[in-house]
Engineer: 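The structure follows.
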Amino acid sequence: MTSERKSIHGQWSTRLMFILAATGSAVGLGNIWKFPYITGENGGGTFVLVYLLCIALIGIPVMMAEIMLGRRGRQSPINTMKTLAEEERRNVNWIWLGRMGMVAGFMILSYYSVIAGWAMSYIFRTASGVFVGATAEGVSSIFADLVSDPEKLLAWHTIFMAMTMIVVARGVKHGLEVAIRFLMPALFALLLLIVGYAMTTGHFMQGVSFMFTPGEISNEGILDAMGHAFFTLSLGMGAIMVYGSYLPKGTSIVQATMFIAAADTIVALLAGLAIFPIVFANGLEPGAGPGLIFKTLPIAFGQMEAGTLIGTTFFILLVFAAWTSAISLIEPAVAWLAENKGMNRLHASVWTGVAAWFVGLGTIFSFNIWSDKTWSIPYLFKDYTLFTTLENLTFNVMLPLGGLFIAIFAAWLMRESSSRDELKTYDWIYRLWRILLRYVTPVAIIIVFLKAISII
Ligand code: PHE
């Protein structure tokens, strides 16, 4: 019965197509913008180690579970959870897992688009040659000028959101293949090139030791590392679930997951290795926050041979990487609107995109006219702007919570025969997966949560 269920939205044409799309979703601003800056803020070393552990012990098993649930349910995450809960004779309230994911995706998209807008504007800044020979201060002040100008940010945010809506309206499958097949390897090659440059700065080893020498880490740092493992692999909100719902039956979920997780992790580590040597060579602060890549990489482009060309291409590729992630952020909502509200894809994407665009204004203003509008809750957080609130709520709360419930559903509530049938892998891999998902993943998520609110 389940094996015959079909997605009304169609299927990936090939197995490779799914891997490309899911890798496109995973590799994005999270790897190149976010990973370096939160690594810097959390002091490197131990943070990177905890992040890698979270990828291995939490991210990979949850990704397999999410793809599996999606492929079995073959609908938007909300309807998938409804169907699977009925089929496994569980409470219908599991539908809330899909709902929370849809809202999280929408909230993430609202700020993701603003940051992608920064990257877009850097295509033109780099191309204009302003960074040639620029000093660290010069580069930082160019960044400060950008984020203090709400009109500029608004224009780029609008363009990026429109680009996202157009692709989603056409259906995620069209056009994506070319984008990912050629551009991702190109991004990878350019990153290697920048790492090569970083090696010439004389501070490469300092960067390496910052990233890999264990040191202190705070409880919030551990929470950030876990949240980031979910964010960077696009887990906990249904993006990978909805992509899984278009996956042909015969494809190995285990192999696909390993490939996606490896590619994603390598890109993040390369981004770190490219950026931290530049940070130290120029006396910058590793904890400079969300502007870190925009304050460091342009220095490198300004000094490298053919840096203007390399830098421009780099930002173009970064925008593509962000684009292929952004489309997966609204796909759960669009699939659901198409299934339940009878909308066509065009209407569904326009509605969702416009709404996320509107919420994105809050993020834009957080960097300028509302930058002093902050709030705090004692013991939980301090001086959050609207942007940091959205960022932390999605990243540190909603995604890990989504992951926790996915683990519980897939490993405790779903019948073993169902998950075995779907995963179809060697017995030892299946057992290892189930043990990790039953015990390690939920316990780890709960401990990190409790630690972060300082209960244990
Ligand atoms: N994984 C994406 C990135 O690293 C962001 C993302 C999160 C995409 C959640 C989809 C879902 O940039």
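Read the numbers this way: they start at 1 and go in the same order the structure lists the ligands and their atoms. The analysis underlying the following values was restricted to heavy atoms, covering all of them including side chains, and did not include hydrogens, waters or symmetry mates.
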Engineer: Considering only heavy atoms, does K34 approach ligand 1 within less than 4.0 Å through its side chain, its backbone, both, or neither?
Structural biologist: neither

Engineer: So, for W118 and F367, is the gap between ring centers shorter than 6.0 Å?
Structural biologist: yes

Engineer: May I ask you to list the atoms of ligand 1 that are less than 4.0 angstrom from any heavy atom of L329?
Structural biologist: 8 (C), 9 (C), 10 (C), 11 (C)

Engineer: Ignoring hydrogens, just give me the one of A321, S234, G236 whose non-hydrogen atom is nearest atom 10 (C) of ligand 1.
Structural biologist: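 Among A321, S234, G236, the closest heavy atom to atom 10 (C) of ligand 1 belongs to S234.
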
Engineer: Ring of W94, cation from R90 - is the NZ or CZ under 6.0 Å from the centre and inside 45° of the axis?
Structural biologist: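 Checked: cation-pi criterion not met.
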
Engineer: Are the side chains of T265 and Y51 in contact, using a 4.5 Å heavy-atom criterion?
Structural biologist: yes

Engineer: Looking only at protein heavy atoms, identify the closest one to atom 1 (N) of ligand 1 and say how far it is in Å.
Structural biologist: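 The closest heavy atom on the protein side is F231 O, 2.8 Å.
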
Engineer: Please report which non-hydrogen protein atom sits nearest to atom 12 (O) of ligand 1, along with the residue it belongs to and the distance in Å to one decimal place.
Structural biologist: Y112 OH, 2.4 Å

Engineer: Does the structure place the NZ or CZ of K34 under 6.0 Å from the centre of the six-membered ring of Y112, at an angle of no more than 45° from the ring's axis?
Structural biologist: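 Verdict for Y112: no cation-pi partner in K34.
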
Engineer: Would you say ligand 1 has an N or O under 3.5 Å from any N or O of N31?
Structural biologist: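 N/O-N/O distance under 3.5 Å: yes.
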
Engineer: Parallel, tilted or perpendicular for Y243 and W12, by the 30°/60° rule?
Structural biologist: perpendicular

Engineer: Report the nearest protein non-hydrogen atom to atom 4 (O) of ligand 1: residue, atom name, distance rounded to 0.1 Å.
Structural biologist: A26 O, 2.9 Å

Engineer: Write out the residue and atom name of the closest protein heavy atom to atom 2 (C) of ligand 1, then the distance separating them to 0.1 Å.
Structural biologist: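 Answer for atom 2 (C) of ligand 1: S25 O, 3.2 Å.
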
